[in-house]
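Read through the structure below, which is laid out as structure tokens, and then see the notes.
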Number of protein chains: 2
Amino acid sequence: MTDIARMAEVDISTVSRALANSPRVTEETKERIRRIVEETGYVVNHGARMLRSRSSNQILVLLGNIAATTFPEVVLGIEEAVQEHGYSVLVGSTHNDPERQEILANQLLTGAADGIILMTGLLPEVVRNFPNYEQHVVAVTRMVPDKRIPQVNIDNRAAMETAVAHLLALGHSRIVHLSGPLDSPTFQARAEGYRRAMRSAGAHPAVIPSQAFNIQAGIEAMERLLALPDRPTAIICASDEMAMGAISLATGKGIRVPDDMSFVGFDDIPFSVVMNPPLSTIHIPRRDMGRAGGRILLRNLTEGAGKAENVVLRHELIVRGSCGRLSRSR
Amino acid sequence: MTDIARMAEVDISTVSRALANSPRVTEETKERIRRIVEETGYVVNHGARMLRSRSSNQILVLLGNIAATTFPEVVLGIEEAVQEHGYSVLVGSTHNDPERQEILANQLLTGAADGIILMTGLLPEVVRNFPNYEQHVVAVTRMVPDKRIPQVNIDNRAAMETAVAHLLALGHSRIVHLSGPLDSPTFQARAEGYRRAMRSAGAHPAVIPSQAFNIQAGIEAMERLLALPDRPTAIICASDEMAMGAISLATGKGIRVPDDMSFVGFDDIPFSVVMNPPLSTIHIPRRDMGRAGGRILLRNLTEGAGKAENVVLRHELIVRGSCGRLSRSR
DNA sequence: TTGAAAGCGCTACCAC
DNA sequence: GTGGTAGCGCTTTCAA
């Protein structure tokens with residue numbers, strides 16, 4: 001920057017102001033400086049700027065597993081909200097390991113990130129010790145048990161009730177739920193919504209939990225289910241990936257979908273459309289959730305945190321081909 | 001850090017050395033300092049460290065679209081290779097927009113990242129002007145037309161030849177290729193491998209290109225194909241996502257897979273196992289590619305770039321259920 | 001083995 | 001509107 005200043009025959013402070021587009025520099029001077037910057041290919045040093053201005057213009061997104069198909073589109077939404085304000089997005093995969101999450105979250109403390117968007121459902125210990133942490137953290141997609149942190153989510157309970165209602169309307173009553181990890185409030189909420197809806201319909205709830213919510217988990221849960229007596233006529237899965245695993249196993253065992261068994265997924269990932277049969281599922285507005293989360297974080301970062309905002313977006317049942325009407329003859 | 005120094009009753013420089021685990025500090029002193037750091041929850045300031053040491057310990061991964069299912073697992077591999085050496089990984093989605101890529105790549109110039117792993121097949125202009133850029137860049141998954149940059153990839157041409165050979169062996173000869181964007185060397189190579197294999201078998205190659213390689217692209221390409229006279233008996237897709245789109249469209253039109261038409265995918269994403277029928281495809285070692293790329297970048301960062309290394313990993317044909325034997329009666 | 005001190009490149013405050 | 005300048009928090013060289 002000193003070089004630029006010399007070349008432009010102004011003081012270094014003027015260059016700094018010009019580059020920050022301060023109104024206290026003539027348009028003329030700015031133009032001259034901009035030209036020189038252009039010519040020399042100069043870029044400001046991120047470290048120095050961070051050191052001085054105590055901000056990195058980086059947002060850290062923490063998620064359990066970057067390979068879970070449901071997350072990337074949320075990230076896309078966050079990027080959209082955040083980029084035009086000069087922030088860039090950094091994604092960290094915690095592999096559901098609290099320790100890894102702590103390490104990654106340290107980026108906030110060291111100043112490498114100005115804010116964190118949590119999609120893990122876990123508030124890192126180190127963050128809780130950060131002054132005004134509620135100003136720097138937003139939970140998206142996965143709730144965090146902390147009233148001070150703004151949250152963006154859908155109503156998982158209600159979504160499951162929607163799913164159960166759909167199956168009920170088709171004449172099913174022996175419906176089981178293939179759940180995700182029940183230490184996660186998200187999957188707890190889904191299981192609870194399922195139970196509540198079943199009970200109020202006078203049906204008997206049955207939940208088969210898993211440690212994960214990917215394809216493999218769906219396969220294994222389905223294996224366990226099929227080993228049981230008294231096969232259900234319909235299944236609600238905690239994620240589309242699980243549903244796909246479960247359906248593939250069932251199909252492999254000669255079970256016809258939806259004739260013999262109906263399936264509902266959760267997430268509406270792009271692949272659910274091209275399944276055979278196409279998967280009926282609960283759509284969640286991932287992109288919008290990301291955008292909302294990004295917006296809130298940005299606002300809190302610049303204006304300070306007010307009362308923690310709690311955004312609940314709408315889910316939607318997408319009826320495709322994986323659910324059949326139950327004939328009374330059964 | 002000054003506080004820590006005061007509390008430990010040593011000089012700030014000693015604290016710095018202790019934290020860097022320099023051998024020039026007594027184990028005793030180190031221990032005392034470590035304890036105080038622990039108690040106070042102190043973390044070094046990332047900006048200041050960057051400013052002084054001119055390194056950020058961050059690796060930037062640039063990819064076209066974070067939502068393309070094939071990429072995340074490569075990122076996982078990179079993380080594996082890089083994390084234990086104290087680097088963290090930053091993912092940037094360019095949306096295949098060269099301009100966005102330039103903006104993201106600036107992170108290298110500003111010092112926010114020490115190195116870049118390119119999965120876009122495009123070398124950013126700004127990087128080319130960076131001194132010793134070949135030391136800071138590795139191309140993974142997508143080749144870059146620059147001999148100075150190390151590359152990690154599979155042999156896309158050979159992989160397609162494998163795919164064609166498989167179909168040939170099943171009796172097919174009217175095989176068309178649903179290609180991805182042909183401005184990408186990767187998809188060019190795949191198309192070329194296909195053409196070469198077809199020609200040397202005395203068969204007539206036919207390529208239908210697309211602007212993308214996602215599900216939608218597969219659907220649209222298949223639509224175009226089916227509008228043509230003279231339907232092929234087998235189709236090789238440039239990606240699994242395309243194959244899934246194409247199969248779903250074909251199935252919707254009453255074409256039976258694999259009885260009426262065979263399909264081969266490319267990538268072996270997790271979903272290909274649970275398709276109905278399960279997708280025969282070319283497996284590419286994404287995790288390994290990521291790891292290799294991360295390792296090379298790290299080495300170049302620390303030891304300087306030697307001759308650009310060119311790693312070619314092995315692909316593998318995975319035979320599942322989407323290809324049928326062509327009966328001679330046809 | 002430890003201390004002192006010089007900056008890294010920038011921003012922001014204060015003067016003019 | 002512009003210039004001068006202190007200092008952000010750290011690393012590293014030099015001296016002791």
Side-chain angles (χ1 to χ4, degrees), chain A residues 1-37 40-58 86 106-114 130-131 301-302, chain B residues 1-37 40-58 86 106-114 130-131 301-302:
Chain A
M1 186 176 275
T2 322
D3 297 344
I4 305 289
R6 198 176 30 247
M7 295 170 77
E9 295 175 310
V10 291
D11 189 84
I12 164 176
S13 57
T14 305
V15 176
S16 175
R17 278 190 288 257
L19 259 33
N21 202 21
S22 152
R24 292 176 42 189
V25 179
T26 347
E27 212 28 77
E28 211 180 316
T29 320
K30 277 188 199 167
E31 190 43 55
R32 183 152 40 96
I33 290 172
R34 264 198 290 265
R35 235 196 27 251
I36 296 175
V37 166
T40 55
Y42 163 85
V43 278
V44 299
N45 180 299
H46 190 73
R49 174 172 280 182
M50 268 173 74
L51 180 54
R52 247 341 289 226
S53 59
R54 326 198 128 276
S55 88
S56 63
N57 281 13
Q58 290 193 144
N106 256 308
Q107 305 252 8
L108 180 63
L109 310 203
T110 64
D114 295 340
F130 191 72
L301 247 28
T302 52
Chain B
M1 185 176 275
T2 322
D3 297 345
I4 305 288
R6 198 175 31 240
M7 296 172 75
E9 293 174 310
V10 292
D11 190 86
I12 162 176
S13 56
T14 305
V15 176
S16 175
R17 278 191 286 256
L19 261 32
N21 202 19
S22 153
R24 294 176 39 191
V25 179
T26 346
E27 211 30 75
E28 212 181 315
T29 319
K30 275 188 199 167
E31 190 42 56
R32 185 153 39 96
I33 290 172
R34 266 198 288 265
R35 237 197 24 253
I36 295 175
V37 165
T40 55
Y42 163 85
V43 278
V44 298
N45 180 298
H46 189 73
R49 175 172 279 180
M50 269 174 73
L51 180 55
R52 251 333 290 231
S53 58
R54 322 195 133 279
S55 87
S56 63
N57 281 15
Q58 290 193 143
N106 255 308
Q107 306 250 9
L108 180 62
L109 310 204
T110 64
D114 295 341
F130 191 71
L301 247 27
T302 52

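Both backbone and side-chain heavy atoms feed into the values below; hydrogens, waters and symmetry mates do not. Here is the naming used below: chain letters follow the sequence lines, and residue numbers restart at 1 for every chain.
Between the P atom of C/dA4 and the CZ atom of B/Arg6 lies a distance of 14 Å, rounded to the nearest Å. Taking atom CD1 of A/Ile4 as the reference point, atom C1' of C/dC10 lies 13 Å away to the nearest angstrom. Per the geometry, CZ belonging to A/Arg52 stands 15 Å off P belonging to D/dC10, to the nearest Å. Taking atom CD of B/Glu27 as the reference point, atom P of C/dT1 lies 11 Å away to the nearest angstrom. Distance CD (B/Glu9) to P (C/dA4): 13 Å, rounded to an integer number of Å. One atom, CE of A/Met1, and another, P of D/dG4, lie 16 Å apart when rounded to the nearest Å.
The backbone N or O of B/Ile36 sits less than 3.5 Å from a side-chain atom of B/Thr40, completing a donor-acceptor pair. Checked by atom type and distance alone, the side chain of A/Thr26 never pairs as donor or acceptor with a backbone atom of A/Glu28 at under 3.5 Å. Looking at B/Gln58, its side chain does come within 3.5 Å of a backbone N or O of B/Ala112 through a donor-acceptor pair. Of the possible polar contacts, none joining the A/Asn106 side chain to the A/Leu109 backbone as a donor-acceptor pair under 3.5 Å is found. The backbone N or O of A/Arg49 sits less than 3.5 Å from a side-chain atom of A/Ser53, completing a donor-acceptor pair.
Between B/Thr14 and A/Pro23, the residue anchored closer to the 5' end of DNA chain D is A/Pro23, taking for each the nucleotide with the nearest heavy atom. Closest-nucleotide positions on DNA chain D for B/Leu51 and B/Ser13 were compared, and the one nearer the 5' end corresponds to B/Leu51.
The listed nucleotides are D/dT11, C/dA4, D/dT5; the one nearest the side chain of B/Asp11 is C/dA4. Closest contact between the side chain of A/Ile12 and the listed nucleotides D/dT5, C/dA6, D/dT2 involves D/dT5.
The shortest non-hydrogen separation linking B/Val37 to B/Leu19 is CG2-CD1, 4.0 Å. Considering every non-hydrogen atom in both A/Ser56 and A/Ala113, the closest pair reads OG-CA, 3.3 Å.
Within the 4.5 Å cutoff, no side-chain heavy atoms of A/Arg35 are placed close to those of A/Met7.
The phosphate of D/dG9 has OP1 or OP2 within less than 4.0 Å of a side-chain N or O from A/Arg54. Considering only side-chain N and O atoms, B/Ser16 lies under 4.0 angstrom from the phosphate OP1 or OP2 of D/dT11. Phosphate contact (OP1/OP2 of D/dT2, side-chain N/O of A/Thr26, threshold under 4.0 Å): present.
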Would you list the protein and nucleotides 14-16 of chain C atom pairs, both N or O, that sit under 3.5 Å from each other?
none

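Heavy atoms of A/Thr29 sit under 4.0 angstrom from primed sugar atoms or phosphate atoms, though from no base atom.
For DNA chain D, no neighbouring residue in residues 40-48 of chain A is found when judged by any heavy atom under 4.0 Å.
Remark: A/Asp3 engages A/Arg6 in a side chain to side chain contact (heavy atoms under 4.5 Å, CB included) (not counting sequence neighbours).
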